[in-house]
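The structure's right below; bear with me while I get my questions together.
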2 protein chains.
Amino acid sequence: MPDTAPEPLRMTAEHRELLDQLLDKWSLQVLDTLCERPRRFNELRQAIPAVTQKSLTTALRRLERNGMVTRVVLSTRPVAVEYRISPLGSTLQDLIDRLYHWTTTTLPEVEAAREAYDRSE
Amino acid sequence: MPDTAPEPLRMTAEHRELLDQLLDKWSLQVLDTLCERPRRFNELRQAIPAVTQKSLTTALRRLERNGMVTRVVLSTRPVAVEYRISPLGSTLQDLIDRLYHWTTTTLPEVEAAREAYDRSE
DNA sequence: CGGTATCCATTAAGATACTG
DNA sequence: CAGTATCTTAATGGATACCG
C-alpha cells in the first residue's frame, strides 16, 4: 500500500446541501432536543425558545424527509403526535454535542475578536 | 468533588448565533478551504464553486469579525490580499472534517429516506 | 486585483386566522 | 392538539456597474 492518502474526499454539492438542511438554526435545536428524549409538537415549541409554529413545522418535515426524525402518531384520545430521533439521526448526536461544546469554550475569544474588529473598522 | 456532571451546558442564544454564523453554506466551505492553505480572494472564488463575489465577501467579513479568519494585505505591486485561517479558526478544523466525513458515510441512507418519504406522502 | 454600490428576484420568517 | 392557509414583511442571493 504505497499511498497513505486514501481518498480525495471531494465535497460535492449533495454533501453540502445535506449539511445545509441539517445545520440551520432550527433543525440543529430540534435534533438536539430530540436526542434527549421524544417530544410532542407543543413540547418542542416550548423547548425551543422563539420558534414559530411555521418554522418548527418546516424543520420537522425536512428532518423527517432526510431520515433524521420519525413522526409517530399515538392512538390516544385525542390523538397525539410524537417526534423521535431516528437511528440515523442519532449518529449526529456526538457531532452536535461537540459543536455545542466548542462554542462554550470558544465564545469568550470570539467576543473579544468581535470587539477588536468593531473598534478598528 | 462529589459531582461528575459538571455543567448544565445551557445552550444560550449567543452560542446558537455563533454556530449560525459559522455553519452556513459559504462560511463552512471558506473555512474548509482555508484550513488547507492561505488563499487570495480570487483563489477562493475558484475553489468554491458557484459562490458569488458578494456572498464570498460577506462570509469573509463575518468570519474575520468572529476571529476565525485573518485578512493579510501583502505589500506587493500591485497589492494582494491573502486570507488565512486563524489559530482560533483552526480549532474548528477537526469538527468540520468530521461533519464532512459524516455526510459521505450517511448520504446513501439519507437518499433512501428521501425517496421513501417522497413516495409515501 | 479586490473589492463596493445598487437594483431586483427569490426565499425565509412573522402574524393571524382557521380546521380535523 | 397539531397543524394548514394566507398575507405581509424582512433577509438573502444574483446580476451588473463601477472604483482605488
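Chain letters run A, B, ... following the sequence lines, proteins first and then strands; every chain starts at 1.
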Q. Which nucleotide span of DNA chain C, 5' end to 3' end, has atoms closer than 4.0 Å to non-hydrogen atoms of chain A?
A.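 Under 4.0 Å from chain A, the extent on DNA chain C is C:dA13 to C:dA17.
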Q | Verify same cluster id: A:L63, B:Y117 (apolar side-chain graph, 4.5 Å) | A |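 Different clusters: A:L63 never reaches B:Y117 through Ile, Leu, Val, Met, Phe, Trp or Tyr contacts under 4.5 Å.
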Q. For the pair made of CZ in A:R40 and P in D:dA2, what is the distance, rounded to whole Å?
A.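 Answer to the nearest Å: 4 Å.
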Q. Just how far, in rounded Å, is P of D:dA11 from CZ of B:R62?
A.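 In whole Å, D:dA11 P lies 13 Å from B:R62 CZ.
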Q. Looking only at side-chain N and O atoms, does B:S55 come under 4.0 Å of OP1 or OP2 in D:dG14?
A.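 For D:dG14, OP1/OP2 do have a side-chain N/O of B:S55 under 4.0 Å.
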Q. Which angle, to the nearest 10 degrees, lies between the helix axes at the two ends of the helix from C:dC1-D:dG20 to C:dG20-D:dC1, each defined by five pairs?
A.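 So the angle between the two local helix axes works out to 50°.
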**Q.** B:L23 CG to A:L28 CG distance, which is reported to the nearest 0.5 Å
**A.**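 The CG atom of B:L23 sits 7.0 Å away from the CG atom of A:L28.
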Q | Polar side chain donor-acceptor pair, B:T12 to B:H15, under 3.5 angstrom | A |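 Present: a donor and an acceptor within the cut-off.
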**Q.** Interatomic distance where CG belongs to A:L60 and P belongs to D:dC1 [whole Å]
**A.**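 From A:L60 CG to D:dC1 P: 16 Å.
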Q. With a 4.0 Å cut-off, would you call A:E82 and A:R84 a salt bridge?
A.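 Salt bridge: yes.
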Q: Among the candidates D:dT6, D:dG14, D:dA2, find the nucleotide nearest to the side-chain atoms of A:K54.
A: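 Within the option list, the nearest is D:dT6.
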**Q.** Length of the line joining A:R61:CZ and D:dA2:P, which is rounded to integer Å
**A.**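 Computing the A:R61:CZ to D:dA2:P distance gives 12 Å.
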Q) So does A:D94 pair up with A:R98, basic N to acidic O under 4.0 Å? A)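 Salt bridge: yes.
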**Q.** B:T52-B:S55 side chain donor-acceptor pair, cut-off 3.5 Å
**A.**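 Yes, B:S55 and B:T52 have a side-chain donor paired with an acceptor closer than 3.5 Å.
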Show every donor-acceptor pair shorter than 3.5 Å between a side-chain atom in residues 39-48 of chain B and any protein atom, with sequence neighbours excluded, or say none if there are none.
residue: B:R39; atom: NH2; partner: B:E36; partner atom: OE1; Å: 2.3
residue: B:E43; atom: OE1; partner: B:R40; partner atom: N; Å: 2.7

Q) In whole Å, what is the span from the CD atom of B:Q21 to the C1' atom of D:dA11? A)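 Whole-Å distance recorded here is 14 Å.
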Q | Phosphate OP1/OP2 of D:dG14 contacted by B:T52 side-chain N/O (<4.0 Å) | A |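 For D:dG14, OP1 or OP2 has a side-chain N or O of B:T52 closer than 4.0 Å.
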Q | Nearest-0.5 Å distance that lies between atom OH in B:Y100 and atom CG in A:L18 | A |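 Rounded to the nearest 0.5 Å, the OH-CG separation comes out at 11.5 Å.
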Q) How do A:Q53 and A:V79 order along DNA chain C: which one's closest nucleotide is nearer the 5' end? A)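 Looking at the nearest nucleotide for each, A:Q53 comes out on the 5' side.
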(Q) Determine whether a donor-acceptor pair (N or O, by modelled atom type, separation under 3.5 Å) exists between the side chain of B:Q93 and the backbone of B:G89. (A)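 Pair absent, no side-chain N/O of B:Q93 close to backbone of B:G89.
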**Q.** Nearest-nucleotide 5' precedence on DNA chain C, B:P78 against A:V51
**A.**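 First, find each residue's nearest nucleotide; the 5'-ward one identifies B:P78.
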Q.
Just to be sure I understand the rule, does B:R45 reach a base, reach only the sugar-phosphate, or reach nothing, if contact means heavy atoms closer than 4.0 Å?
A.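 No contact.
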Q | A:R71 side chain near D:dG3 phosphate (N/O to OP1/OP2, under 4.0 Å) | A |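 For A:R71, the contact criterion (side-chain N or O under 4.0 Å from OP1 or OP2 of D:dG3) is met.
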Q: Using whole Å, report how far CG of A:D20 lies from P of D:dT12.
A: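 That distance rounds to 14 Å.
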